[in-house]
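Data first, discussion second: the structure below is written as structure tokens.
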Amino acid sequence: MDSLKNSDPQVYKAIINEIKREKSTINLIASENFAPLPVLQAQGSVMTNKYAEGYPALRWYDGCEYVDVVEQLAIDRAKKLFRAEHVNVQPHSGTQANMAVYFSMLKPGDKVLAMDLACGGHLSHGHRHNFSGKYFKVISYGVSKRDEKIDYNEVEDLAKRHKPKMILVGASAYPRIIDFIKFRKIADKVGAFVLADIAHIAGLVAVGLHPSPIPYAEFVTATTHKTLRGPRSGMVMCRKKFAQAIDSEVFPGIQGGPLMHIIAAKAVALKTALRPQFKTYQKQVVANAKKLASSLSARGYRIVSGGTDNHMLLVDLRSKKITGKDAAFALHNANIVVNKNLIPFDPLSPMLTSGLRLGTPSVTSRGMRENEMAQIACLIDGVISAAKNEKVIKMTAQEVVRLTNKFPVYKELKL
Ligand SMILES: *Cc1c(COP(=O)(O)O)cnc(C)c1O
């Protein structure tokens, strides 16, 4: 990065500081991961220079012969990995992927049934300040008070009552297996489309550790930077008969030129995801989440829904008399990065929250296993139990640096 260092020392310094931050903190943000070096290299390549409006072999401008290669590779690999009939790899993000489905299948004012944000849904599923909530009439389902799992009876009742045109399934903060077959059956009873948003669990779905929605949903959207370990981006998968509608909605409907350097990086990540080692990695992600959950539970923390089936868990902090906001702040000062999160039926506001969401994709990417999860649970408990004790926080921060030094993020870069 010498040329960057010379031409823009301020940006260079911020990047170096970010490298140091990532290296020396324990990252438990469930939606984040470390993209492998080959992904970063493709992402930092000259493919950013090319305008490629259109699709492989059907471009607006000339000179697309090499960007066509990477986009076709990304498409073919995604189809193989997810057994999808059609894939569009151009959405810039998960939100754009969802937008492409909404705008191609619905008219403004149409009804959508989606998961409540307070129970784990995503902004792009109907938040009032998001396009989804502004243009469409969103009805939401939640989880049951009894077991904090999706209440399929409630979903069916709401579907029958409101007759939505589309039912959305998928979440940002739901630690349990989702039964896509049940959603298909409910949708069929009311003649609705199913959009399965697997942004968080795409990596688990890819290797069969979470059931795939592909056979049961007309549309499946994903991000590529969460469990899938690729560049920050999105994609849409759909049945062949919707291919044309989705492709023309992504471009020219909602986007202009695709980010070809990011698509190249998606191709690289998808190749990695097809390797047997990727399944080993995802298994460890889930094993680590289970171990983190059981270790915290053993220390008196209530885990929402009683545990986890995937890469994340929600911790109810009420028994510890601390808000999510204060816990996350103290943990951050101790070099442990998490996010505050609403728990189902949270009595506190989204600014405060009664919970934390913890995820294991990043720590697993750097090689941590069950032993480290038990150690991290102990560190988290120490900080939360003494959130105002600066000495404890400082000592924990030092311990985190010692631990993270043993698990470099980018071995190739000695980082
Ligand atoms: C992360 C996420 C998205 C999209 O996120 P972007 O930040 O737009 O890439 C969409 N849906 C769900 C369920 C998510 O968790």
Side-chain angles (χ1 to χ4, degrees), residues 29-33 91-106 110-143 148-151 155 158 164 166-180 183 193-205 210 213 217 219-228 230 232-237 254 304-305 308-314 324 338-344 346 349-351 353 355-359 361:
I29 294 183
S31 50
E32 295 182 2
N33 208 333
H92 301 330
S93 72
T95 299
Q96 246 92 14
N98 285 339
M99 189 186 251
V101 178
Y102 274 85
F103 284 156
S104 62
M105 290 299 124
L106 309 173
D110 277 352
K111 284 188 225 163
V112 176
L113 179 58
M115 194 170 199
D116 189 355
L117 263 65
C119 289
H122 185 257
L123 283 175
S124 61
H125 297 182
H127 189 278
R128 65 197 166 90
H129 294 311
N130 182 263
F131 81 89
S132 50
K134 284 183 184 171
Y135 290 98
F136 306 99
K137 200 166 174 316
V138 181
I139 300 123
S140 46
Y141 59 88
V143 295
E148 297 168 307
K149 295 179 184 171
I150 292 173
D151 183 345
V155 178
L158 287 168
M166 187 166 84
I167 301 182
L168 226 149
V169 49
S172 304
Y174 186 68
R176 293 304 188 173
I177 296 282
I178 296 173
D179 190 339
F180 295 115
F183 273 92
F193 293 115
V194 174
L195 163 56
D197 178 349
I198 59 167
H200 260 266
I201 56 172
L204 303 178
V205 169
H210 187 293
F219 307 95
V220 177
T221 54
T223 60
T224 49
H225 51 281
K226 298 179 183 175
T227 49
L228 209 48
R232 181 159 298 279
S233 200
M235 60 187 197
V236 183
M237 297 173 266
I254 60 167
V304 169
S305 82
T308 177
D309 302 322
N310 59 23
H311 63 297
M312 70 158 85
L313 48 137
L314 285 169
V338 305
N339 62 273
K340 63 178 183 287
N341 214 97
L342 290 171
I343 56 171
D346 202 318
S349 75
M351 299 304 289
T353 81
L356 295 176
R357 184 186 67 165
L358 307 179

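Numbers for residues simply follow the sequence, beginning at 1.
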* Ile201 and His311: which non-hydrogen atoms are nearest, and at how many Å? -> CG2-CE1, 3.9 Å
* **Test item: Ser233 side-chain N/O and Pro91 main-chain N/O as donor-acceptor pair under 3.5 Å** => yes
Under 3.5 Å, side-chain donor or acceptor atoms of residues 166-178 against the rest of the protein: list the pairs with distances, not counting sequence neighbours.
| from | atom 1 | to | atom 2 | distance (Å) |
| --- | --- | --- | --- | --- |
| Tyr174 | OH | Ile150 | N | 2.8 |
| Arg176 | NE | Ser305 | OG | 3.0 |
| Arg176 | NH1 | Asp309 | OD1 | 2.9 |
| Arg176 | NH2 | Ser305 | O | 2.8 |

* To do: For the residue pair Val143 and Met115, establish whether any side-chain heavy-atom pair is separated by less than 4.5 Å.
  => yes
* Asked: At their closest point, which heavy atom of Met105 faces which heavy atom of Phe193, and how far apart are they?
  -> SD-CZ, 3.8 Å
* Separation of Ser93 OG from Arg232 CZ (nearest 0.5 Å) -> 9.5 Å
* Asked: Is the backbone of His225 close enough, under 3.5 Å, to the side chain of Asn33 for a donor and an acceptor to pair up by distance?
  -> no
* **Leu342 backbone acceptor or donor facing Thr353 side chain under 3.5 Å** => no
* side chain to side chain donor-acceptor pair (under 3.5 Å) with Asp110: which residues, sequence neighbours excluded? -> Lys165
* Look up atom CG in Asn98 and atom OG1 in Thr221, then write down how far apart they are to the nearest 0.5 Å. => 4.0 Å
* To do: Could you tell me whether the side chain of Tyr135 reaches within less than 4.5 Å of the side chain of Tyr102, counting heavy atoms only?
  => no
* Asked: Angle class for the Phe136/Phe103 ring planes (parallel below 30°, perpendicular above 60°, tilted otherwise)?
  -> tilted
* **Spacing of Leu356 atom CG and Asn339 atom CG [to the nearest 0.5 Å]** => 8.0 Å
* Side chains of Asp197 and His125, donor plus acceptor under 3.5 Å -> yes
* Rounded to the nearest 0.5 Å, what separation is found between the CZ atom of Arg357 and the NZ atom of Lys340? -> 11.5 Å
* Could you tell me whether a side-chain N or O of Ser124 sits under 3.5 Å from a main-chain N or O of Thr95, the two making a donor and an acceptor? => no
* Asked: Judged by atom type as modelled, is there a donor-acceptor pair below 3.5 Å linking the side chain of Ser140 to the main-chain atoms of Asp116?
  -> no
* Would you sort out whether Leu123 and Leu117 count as a side chain to side chain contact (heavy atoms under 4.5 Å, CB included), showing the intermediate values? => CA-CA 7 Å; Leu123 283 175; Leu117 263 65; 4.0 Å; yes
* Asked: Are the side chains of Phe180 and Ile198 in touch, meaning some heavy atoms are under 4.5 Å apart?
  -> yes
* Asked: Does some side-chain heavy atom of Met237 sit less than 4.5 Å from a side-chain heavy atom of Phe219?
  -> no
